[in-house]
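Before any comments, here is the structure.
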Amino acid sequence: MDNIFQDFTAESELFKDKEVLHPTYNSTYLPHRTKQIKILAAALSPALKGEKPSNVFIHGGQGIGKTATVKYVCTELEAMCKKIGRKCTIVYINGEIFDTQYRVFAYLARVFNKRVPMIGWPTDMVYSEFKAAIDTEERCVIVIIDDADKLAHKGDEALYILSRINSELTNAKLSVVCISGDSAFMELQEPEVRSALCEKEILFLPYDTYQLIDILEDRAKKAFNASQLGDAVIPLCAEFAVQEQGDVRYALDLLRVAAEIADRTKSKKLTQEHVRLAKEQIEEHWIAEVVNTLPLQSKILLNAIIILIKATAKRYLFSGEVYATYQKICAELSIEALTQRRVTDLISELDILGLLTAKVINRGRYGRTKEISLIVPVESIQLALTGETTLEPAASIKVESESGIVWG
DNA sequence: CTTCCACGGGAACACTGGGGTG
DNA sequence: CACCCCAGTGTTCCCGTGGAAG
């Protein structure tokens with residue numbers, strides 16, 4: 001009997017260093033971003049003279065090098081400060097994880113060795129702890145807030161406070177670098193906050209096909225044994241990524257997954273066909289991942305939507321019918337149904353996640369509603385939902401066009 | 001001009017999981 | 001220990017509102 005790990009022991013013929021293709025890999029090779037690097041470096045350079053760097057607002061689409069650029073410039077700055085003996089601390093905060101005012105300041109305080117619980121204290125107390133911690137000596141603190149838009153709706157108070165903290169500091173100086181995938185987010189801030197945080201503004205434009213090819217070729221050189229890489233594989237990845245707004249991460253994922261497929265099937269060469277397969281697999285995985293991490297109520301809602309779509313064969317659904325079906329399913333499962341108000345929000349969340357689109361329309365005499373349509377295959381969602389045992393009884397629910405619901 | 005439906009903002013509430021104090 | 005304070009989350013309740021069909 002073979003050992004179950006037998007298949008995994010073989011050295012890959014294709015990969016030299018797979019890490020390079022991973023999204024967490026920090027590349028210092030940032031072609032086509034020299035302009036942005038220069039502007040950012042100039043904005044932060046006052047730190048070298050013990051002056052306060054400008055607050056910077058960086059925006060542009062997903063996976064086009066914003067974070068990588070900032071991290072690169074900051075590492076360089078830190079190194080230079082060390083060399084010339086300046087105190088400069090750079091704190092990186094991901095607004096998706098630290099998404100409330102309290103969490104941001106608690107984390108910041110902890111970075112400066114204050115013992116602050118991650119929950120429990122009044123926020124202003126946490127804030128004073130942080131302030132006291134940094135103001136003990138002359139130093140420069142640069143706070144990078146990545147995905148600042150994620151923080152914005154629940155914790156935008158934090159941005160406001162950070163934008164004016166310097167007036168309360170005597171020794172230290174603090175600057176904020178906001179990174180946002182959503183360019184509109186800063187417009188929603190109060191005018192004073194906006195002008196304070198946007199002393200410098202840097203826009204990242206999506207990469208075009210040729211720039212993507214550059215980046216991918218560099219990584220591929222490090223990741224693969226060159227002879228195994230088929231022609232036009234990289235251009236194809238680049239092309240697909242351009243369709244995803246020039247997302248490098250997506251392009252690298254494609255390349256990595258394609259290579260894994262080639263590896264698994266023991267192919268001699270990495271081909272375009274592998275890339276196409278990878279594209280499908282990534283999409284499928286993504287849907288499964290998103291659907292599975294949804295709260296139960298959203299899964300029920302999604303279930304209602306696919307049942308309706310399959311039963312009526314309509315391209316668009318209206319919120320009224322979706323809610324009615326949702327209620328029936330809840331009844332069947334003996335789960336308390338949420339109110340329509342709440343379900344409206346859940347639908348909007350599914351929209352943001354990218355599983356469906358929901359457009360508000362007015363049907364005149366027939367009122368206001370949301371026009372809902374899935375933007376991923378019904379089968380994929382159904383597949384992803386099959387694991388959910390709670391939903392199993394719902395599978396028997398049948399729907400008759402407009403008139404209502406019949407039990408099957 | 002009315003009517004209709006549900007959108008979506010806002011307040012208020014219940015709960016949770018942590019604090020500090022007497 | 002009991003007790004109240006605090007931030008945060010998910011929800012309900014209330015309600016003003018859009019805008020084309022009738």
Atom CG of A:L346 to atom P of B:dC7: distance rounded to whole Å? 12 Å
Between C:dG22 and A:Y366, is there an OP1 or OP2 to side-chain N/O distance shorter than 4.0 Å? yes
Length of the line joining A:Q340:CD and C:dC13:C1', which is rounded to integer Å: 14 Å
Given B:dC7, is OP1 or OP2 found less than 4.0 Å from the side-chain N or O atoms of A:K359? no
Nucleotide B:dC7, atom P - distance to OH of A:Y323 in whole Å: 11 Å
Under 3.5 Å, is there a donor-acceptor pair linking the side chains of A:D351 and A:T357? no
Less than 4.0 angstrom between a side-chain N/O of A:T369 and OP1 or OP2 of B:dA6, yes or no? no
Check whether any side-chain N or O of A:S319 sits under 4.0 Å from OP1 or OP2 of B:dC7, and answer yes or no. yes
Length of the line joining A:L317:CG and B:dC7:C1', which is rounded to integer Å: 17 Å
So, A:K314 versus A:S373: side-chain donor-acceptor pair below 3.5 Å or not? no
To the nearest Å, how far apart are A:R341 CZ and B:dC7 P? 9 Å
Of all the nucleotides listed (C:dT9, B:dT3, B:dC7), which has the minimum atom distance to the side chain of A:R365? B:dT3
So does A:T100 get a side-chain nitrogen or oxygen closer than 4.0 Å to the phosphate oxygens (OP1/OP2) of C:dA7? no
Please tell me if A:R342 has a side-chain N or O lying less than 4.0 Å from either OP1 or OP2 of C:dT11. yes
Starting from the C-alpha separation in whole Å, work towards a yes-or-no answer on side chain to side chain donor-acceptor pair (under 3.5 Å) for A:Y160 and A:R164. CA-CA 7 Å; A:Y160 171 74; A:R164 46 187 321 181; 2.4 Å; yes
Ranking C:dT12, B:dG8, B:dG18 by distance to the side chain of A:I119, first place goes to B:dG18
If you measure only the distance, is there a donor-acceptor pair under 3.5 Å linking the side chains of A:Q62 and A:Y250? no
Nearest whole angstrom, please: distance from the P of C:dG18 to the NZ of A:K370. 17 Å
Establish, with yes or no, whether the OP1 or OP2 oxygen of B:dG20 is under 4.0 angstrom from a side-chain nitrogen or oxygen of A:W121. yes
Does the structure place the NZ or CZ of A:R33 under 6.0 Å from the centre of the six-membered ring of A:Y207, at an angle of no more than 45° from the ring's axis? yes
Taking only side-chain nitrogens and oxygens of A:R103, does any of them come within less than 4.0 Å of OP1 or OP2 of C:dT9? yes
